[in-house]
Amino acid sequence: MSEQSSAVPEHGVVPAAEDEVVDICRDLIRIDTSNYGDGSGPGERKAAEHVAALLEEVGLTTEIVESAPGRASVVTRITGADPDRPALVVHGHTDVVPARAEDWRVDPFAAEVEDGCVWGRGAVDMKDMDAMILASVRELVRSRRKPPRDLVVAFFADEEAGGTYGARYLVDHRPDLFEGATEAVSEVGGFSTTINGRRAYLLQTAEKGLLWLRLVAHGRAGHGSQVNTDNAVTRLCEAVARVGAHPWPLDITPTVRSFLDGVEEITGTPLPADDPDALVAVLGSTAAFVGATLRNTSNPTLLEAGYKHNVIPGSASALVDCRFIPGREEQLLATVRELAGPGVDVETVHRAVSLDTPFSGALVDAMVGALEAEDPGCAVLPYCLSGGTDNKSLSDLGITGYGFAPLRLPAELDFAGMFHGVDERVPLDALRFGVRVLRRFLETA
């Protein structure tokens with residue numbers, strides 16, 4: 001699959017990516033792709049068709065892959081100047097987490113422009129980056145200049161529920177679409193934070209691993225009026241309290257250490273990594289991202305037990321969201337089992353690998369160079385993501401993934417806090433800056 005002849009307007013003027021990135025972002029937000037995780041949402045088919053149309057308009061050939069009714073991803077491939085070089089995957093996801101309109105200042109799917117920002121569900125995660133990819137690729141193809149190597153451009157379904165119907169499906173069933181690819185860039189990296197008055201861009205080179213666990217406590221069923229020392233609900237609550245309150249020890253990975261070293265260099269003072277207040281003082285809202293990468297975490301998220309007020313059930317269950325430091329999966333699982341205690345089974349509901357990549361190499365140099373060219377004097381630091389991306393699935397094909405959605409943000413904007421939050425918004429200037437950086441990167445990577 002490769003591009004057809006480039007579509008260039010008859011008057012010869014190539015529309016600039018900066019001129020259309022905002023409109024593309026707004027159009028994507030207006031397509032409701034809410035992912036409830038249970039198959040009840042609208043799916044991504046409409047968004048995939050819209051994306052495919054934008055790519056085909058400039059002469060690219062696309063393929064829409066539907067893993068289940070309505071669950072659609074779209075992929076295209078652009079031939080590079082040196083087809084012998086390994087290909088680069090540039091990918092996003094089109095699904096979003098749900099939004100309750102009553103909680104928002106604006107309609108979350110209206111894509112309104114206020115205060116110099118586009119507002120709406122997906123403005124941060126990640127239809128902003130989708131729009132930047134589309135605008136950059138469209139300008140690149142229209143200019144008739146080939147990228148240095150093949151680009152595989154993909155927009156996946158279902159990332160917000162683990163990628164079963166998106167990246168995971170394509171890796172398992174259509175690995176041919178990524179033939180020859182060895183590296184990838186996607187979301188949750190490349191955005192700026194302000195440290196000691198200096199702008200620093202956080203380039204994501206690592207991701208914590210994911211274990212969604214279910215605790216199932218067993219006991220003796222009976223009447224609610226009787227003495228019962230073998231109560232499954234009591235046993236579950238005790239286990240959940242131990243797991244949720246466990247003080248996981250500090251565990252600094254090389255990536256996190258490099259980030260902290262960079263912060264110390266900018267501030268000129270040592271940064272006590274185990275002091276949350278010190279992190280917040282230096283990093284502001286971004287500290288929430290960084291603080292969660294200093295150790296394993298285990299957060300209970302759902303409880304389920306019983307069916308009647310006066311009936312003691314024979315079992316009770318809880319869901320726990322665990323994230324592990326790269327290389328610490330077995331340690332985390334063993335600790336949770338010990339904390340759960342006797343009479344409580346620990347089941348794995350979903351697992352995703354951790355990732356850790358050195359902050360070095362030609363691709364990293366290209367990302368850093370593109371940022372520095374548009375923002376001279378900035379700092380670029382590696383960091384570990386506490387969540388996860390579709391790079392986890394691509395890693396099974398031997399593809400090394402990075403987070404690089406470049407945005408130059410105002411120091412006062414709590415960008416990190418808007419991931420999956422209310423009143424998501426992205427500055428118009430940040431989108432235009434990001435598309436300039438991304439276009440420069442695609443021409444040099």
Side-chain angles (χ1 to χ4, degrees), residues 35-41 97-98 100 102-103 160-162 164 207-251 274-277 287-289 291-354 386-388 417 419-422:
N35 188 344
Y36 294 89
D38 59 3
S40 64
V97 295
R100 296 200 325 166
E102 58 267 31
D103 296 335
E160 297 294 359
T164 300
E207 297 183 13
K208 292 178 76 175
L210 180 151
L211 277 174
W212 285 345
L213 303 178
R214 178 184 289 112
L215 308 185
V216 183
H218 304 282
R220 186 177 74 252
H223 199 287
S225 66
Q226 299 175 351
V227 175
N228 189 325
T229 58
D230 190 22
N231 189 312
V233 176
T234 302
R235 181 169 289 121
L236 177 72
C237 290
E238 291 172 344
V240 166
R242 288 191 295 268
V243 171
H246 180 65
W248 292 96
L250 196 67
D251 193 347
D274 58 345
D275 184 349
D277 292 333
F289 265 24
T293 66
L294 304 178
R295 49 177 57 84
N296 294 330
T297 58
S298 54
N299 287 308
T301 56
L302 186 147
L303 300 172
E304 186 173 25
Y307 53 90
K308 195 173 186 294
H309 206 136
N310 62 349
V311 177
I312 299 172
S315 65
S317 65
L319 300 183
V320 185
D321 186 337
C322 299
R323 309 294 172 121
F324 56 88
I325 296 291
R328 301 293 187 267
E329 179 178 1
E330 292 304 319
Q331 177 194 73
L332 181 144
L333 193 54
T335 301
V336 170
R337 284 173 173 153
E338 181 180 352
L339 292 169
V344 180
D345 298 331
V346 178
E347 305 171 351
T348 298
V349 177
H350 180 71
R351 171 190 176 273
V353 298
S354 61
S386 59
F419 279 85
H420 296 189
V422 299

Handout entry: Chi angles and distances behind the side-chain contact (heavy atoms from CB on, under 4.5 Å) call for Trp212, Glu347
Key = CA-CA 9 Å; Trp212 285 345; Glu347 305 171 351; over 6 Å; no
Completion exercise
Rounded to the nearest 0.5 Å, the CG atom of Leu215 sits from the CG atom of Leu302 at a distance of 11.5 Å
Problem - Under 3.5 Å donor-acceptor, Arg295 side chain and Trp248 backbone - result: yes
Fill in the blank from the handout: Arg220 meets the salt bridge (charged side-chain N to carboxylate O under 4.0 Å, His left out) criterion, sequence neighbours left out, with none
Problem - Separation between OG1 of Thr348 and CG of Leu213, rounded to the nearest 0.5 Å - result: 5.0 Å
Exercise for the section: Mind checking the CZ-NZ spacing from Arg328 to Lys208? Nearest 0.5 Å is all I need. Expected result: 12.0 Å
Fill in the blank from the handout: Residue pairs meeting salt bridge (Lys or Arg N to Asp or Glu O under 4.0 Å), one or both in residues 329-344, sequence neighbours left out, come to Glu329-Arg351
Problem - Residues Val320, Val336; criterion side-chain contact (heavy atoms from CB on, under 4.5 Å); working and verdict - result: CA-CA 10 Å; Val320 185; Val336 170; over 6 Å; no
Practice task
Give every residue pair that meets the salt bridge (Lys or Arg N to Asp or Glu O under 4.0 Å) criterion with at least one member in residues 310-320, sequence neighbours excluded.
Solution key: none
Fill in the blank from the handout: OG of Ser317 to CD of Glu304, rounded to nearest 0.5 Å, is 4.5 Å
Problem - Atom pair CD1/OG of Ile312 and Ser225 - distance to nearest 0.5 Å - result: 8.0 Å
Completion exercise
Interatomic distance, CG@Asp321 vs OG1@Thr297, rounded to 0.5 Å, equals 7.0 Å
Problem - Side-chain heavy-atom pair Glu207, Val353 within 4.5 angstrom cut-off - result: no
Exercise for the section: Could you check Thr229 against Asn231 for side-chain contact (heavy atoms from CB on, under 4.5 Å), going step by step and ending with a plain yes or no? Expected result: CA-CA 6 Å; Thr229 58; Asn231 189 312; over 6 Å; no
